[in-house]
Structures are given as C-alpha cells and as structure tokens.
Amino acid sequence: MAAKQRNNVSNKDKGKAPVKAPVVDAKSGALPSLGYLALIAADPLQIKVHLNVYFDVQNSSYDVAGPGHTIVAYQSEVFDEPLTTEVTCGDYKPVVSGCTPTKCGRFLKDNVFNATVIQTMINIIEKGMVFGGGAGGPSILDLASGAVSHGEQFISIFQAAKQNKQEIFNQKDRETFLHVKNTLKDTIEDHFGTKNLYLTAPTFFSRITDKPAKTANDIYWMPHIDRRTYGSFVYTSLVYLNDQGVDYEGGEFLFIERDDVTPGQQRTPTDSPDKYSQSIVQPRAGRMSFFTSGDENEHTVKMVTSGTRYAVTISFTCDEASAIPDPTFE
Ligand SMILES: O=C(O)CCC(=O)C(=O)O
Ligand SMILES: [Fe+2]
C-alpha cells in the first residue's frame, strides 16, 4: 500500500491556525536534528558555510550505485531473519564509564511491526504537523520535548495543544509508540547481550519531502556519528514507515565505511560520502534497523528527491543519568 493511501489523517485537523505556541530555542537542549545540528549550531557563520557546501552537494546527488557502494538491503527484499553485521567498535568513548558496548554492529529485520502499527506511527507524525510542519524538507516531532517543526522554527506542540485546548494524540498513539519502543529495546538487548537500556533524547519522528532546505535545521544529508552528535546515544534504532523507491525517491540510508580515519579523529562535515565505500539500506515499511552509535557507524540519509519519507529514530543509552521517561504525548 502506498504512503499516499496510508496517510489518511483527517482534513479537519489540518491548517488549524492561528498558532499560539512557545517557540523552542534550537540551541537549548538536545533537539532533534537528524544528526547534523549539533555540529554547526554554535556558530552562525559556519551555518552559512555549511548551507552553501551542502546546497552544492544537493545538486550533485550521491551515487548509490558507485564503486564500493553496496546495497545491503533493497526495499523489495524481505528480511524475515535478521541481517546482522559485526563491526569493530570505534574509538570515541561516551562520558560515562561502563556504558560502552564491547560488541558493535548493525541489525536489520523486516515485518516486525504490522500495518496498523505503521499507520498509527504515520498518523502520529501527521498529527504532530497539525500546525504546518517545517518550511524546508524535513519536519520533526520530538517526543520528549514536544518540539515540532513549524516554518523555520520549532514550537512546543504539547504546550500549543494545551493553550488551544486541543487533544492531539490519543491513548492508541501512546500505546503504539510504547509497543514499538519496547520491541526495539528488547531486540537490542537480546542482540547485543546487554540489559537495562534506557530511552534517551532526542527520540523523534521525521517526515522528509523534497522541499529545498530553508535553515540549517533542514540539512539532514550530512554524514554524522550519533554518539558524537547526540552525546547520550549508545544504540540508535530506526523504524521505517514507508517504502523507498515506491512512496519516495532518494532517502536511502548509507553507512559510510571510513577506513581512512585516524582513531579518535572526527570526520569533517565537508567530506563527501561518495569518496568512501557505502553500505546502503533502502527503507521499507516496517523495517527495523539498529546499530551501535559510535564511530564505527558513521552514516547519513541521501536527499529525498520526490515523495514523502516517514521514519522514527528511537535511541537508547545504558547511562541512567541520560534516561528520559516514556513520552506521555502531552
Ligand atoms: O532516518 C534515517 O534513516 C536516519 C536518521 C538519523 O541518522 C538520525 O536520526 O540520526
Ligand atoms: Fe543519525
């Protein structure tokens, strides 16, 4: 079933303005950013440079079929059994001792979540965008803070809902999200032989279209390492909610295999992923993908060139101090 058919949020919810909602400062706290914002948020001049560089990259789209580029999971393939890859753990260590995986790797599996779960997850993000969504390509709904893309800013949707006396999310939304989160947590714990993982921030839904980037927040195609970008991430998990190559073009997920990086050195954001081998995952509805969040798993998302891509990023830590409570959606 195509995303256009799945995406059946009622029209009565759409365009309910005027928006009365506090603007969230993009530089405060762990805001969702698909991995790039923390690298550049500190310096407005740098933002301009990166925007220019990445607008150029945008026009010379990555070559997913280039030499050294391997599609490890096609959208049309069905992995009923997990596809697992072990990789040598990178150098970069989290601040908290005892919270570093000894076994690093990647895991992918299909058909983990049924069509109702997937539809409910798409509805959650569409409901989150009731005030309009982002001005550029990606729109984000962060569950811990309620930050949601609104034009060129973030607003707090939970506060907006209270102020407008609107109930945006319901019990089914909450239960569905918790089911997905708990399934991911249990599978990660089983696979990596760890226990006591906690949800950490940001944990967010993303909706990406081919609209041109308007702000630094819109540059989602920058290679990044989640643990460096987000700090508390030890395991990153993704659930894809619709089909690459069917519901949208572009939007492939790339692991960038960096055998040239000196231990401890961070990749510079101006590097093009095309210079390196890539292991490519084409998103498929209901596909679960997770990996250790360290240097061993540098990655990016290829630019969406048409249609709408839906995904959710749910992140875990073993550091209780960085844990966030289960989202209440209010
Ligand atoms: O949506 C994806 O495929 C990846 C998103 C990502 O890299 C992130 O949330 O850090
Ligand atoms: Fe990421």
Side-chain angles (χ1 to χ4, degrees), residues 3 30-41 54 62 64 71-73 75 90 92 104 106-110 118 121-122 125 134 137-145 147 149 180-181 184 199-209 217-245 247-256 258 266-267 269 273 278-304 307-317:
L31 265 178
S33 60
L34 289 178
Y36 49 81
L37 189 61
L39 295 172
I40 55 176
Y54 281 91
Y62 310 156
V64 288
I71 299 180
V72 292
Q75 179 276 329
Y92 186 75
C104 293
R106 305 164 187 173
F107 178 109
L108 180 148
K109 192 174 189 306
D110 285 317
I118 293 166
M121 299 284 278
I122 291 179
I125 182 156
S139 296
I140 296 292
L141 163 63
D142 177 41
L143 291 180
S145 66
S149 308
V180 171
K181 188 269 288 183
L184 290 163
L199 191 64
T200 189
T203 273
F204 58 95
F205 289 82
S206 62
R207 179 183 78 180
I208 309 182
T209 69
N217 292 325
D218 298 334
I219 307 168
Y220 58 85
W221 53 93
M222 183 185 280
H224 63 277
I225 293 156
D226 285 345
R227 189 179 299 157
R228 290 181 184 270
T229 301
Y230 298 117
S232 61
F233 282 32
V234 177
Y235 300 97
T236 304
S237 66
L238 302 163
V239 179
Y240 294 112
L241 304 175
N242 63 349
D243 292 309
Q244 193 278 335
D247 299 318
Y248 58 91
E249 296 297 330
E252 294 94 341
F253 177 99
L254 322 176
F255 285 110
I256 302 155
R258 292 289 301 271
Q266 186 172 359
R267 179 199 175 100
Q278 299 172 5
S279 302
I280 299 163
V281 173
Q282 295 183 336
R284 173 184 170 87
R287 176 165 283 174
M288 160 206 276
S289 167
F290 61 77
F291 48 89
T292 43
S293 314
D295 287 4
E296 65 281 355
N297 283 320
E298 181 171 358
H299 60 273
T300 190
V301 175
K302 196 174 177 285
M303 187 164 285
V304 172
T308 302
R309 178 192 200 263
Y310 291 98
V312 59
T313 300
I314 301 180
S315 43
F316 296 95
T317 183

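When a ligand or atom number is given, it counts from 1 through the structure's own listing order. Heavy atoms only: backbone and side chains are in, while hydrogens, waters and symmetry mates are out.
For R228 and D295, the salt-bridge test passes: some basic side-chain N is under 4.0 Å from an acidic carboxylate O.
In this structure, the side chains of V312 and F205 come closer than 4.5 Å at one or more pairs of heavy atoms.
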The test is side chain to side chain donor-acceptor pair (under 3.5 Å); show your working for S293 and T236 and say whether it passes. CA-CA 6 Å; S293 314; T236 304; 2.8 Å; yes
Output, in order, the C-alpha distance, side-chain angles, deciding distance and verdict of side chain to side chain donor-acceptor pair (under 3.5 Å) for S232 and T200. CA-CA 7 Å; S232 61; T200 189; 2.7 Å; yes
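In the vicinity of Y240, heavy-atom distances shorter than 4.0 Å reach the ligand 1 atoms 2 (C), 3 (O). Annotation for ligand 1: atoms under 4.0 Å from non-hydrogen atoms of Y230 are 8 (C), 9 (O), 10 (O).
Of the heavy atoms in T229, none comes closer than 4.0 Å to ligand 1. The side chain of R309, and not its backbone, has at least one atom closer than 4.0 Å to an atom of ligand 1 (non-hydrogen atoms only; side chain from C-beta on). The side chain of D226, and not its backbone, has at least one atom closer than 4.0 Å to an atom of ligand 1 (non-hydrogen atoms only; side chain from C-beta on). Residue contacts with ligand 1 for Y220 are absent, since no atom lies close enough (heavy atoms, distance under 4.0 Å).
Ring centroids of Y240 and F253 are separated by 6.0 Å or more, keeping the two rings apart.
Shortest distance from the Fe ion (ligand 2) to D226 is reached at OD1 (N/O/S atoms only).
No option in Q282, R309, Q244 other than Q244 meets the side-chain hydrogen bond (donor to acceptor under 3.5 Å, both in side chains) test with E252.
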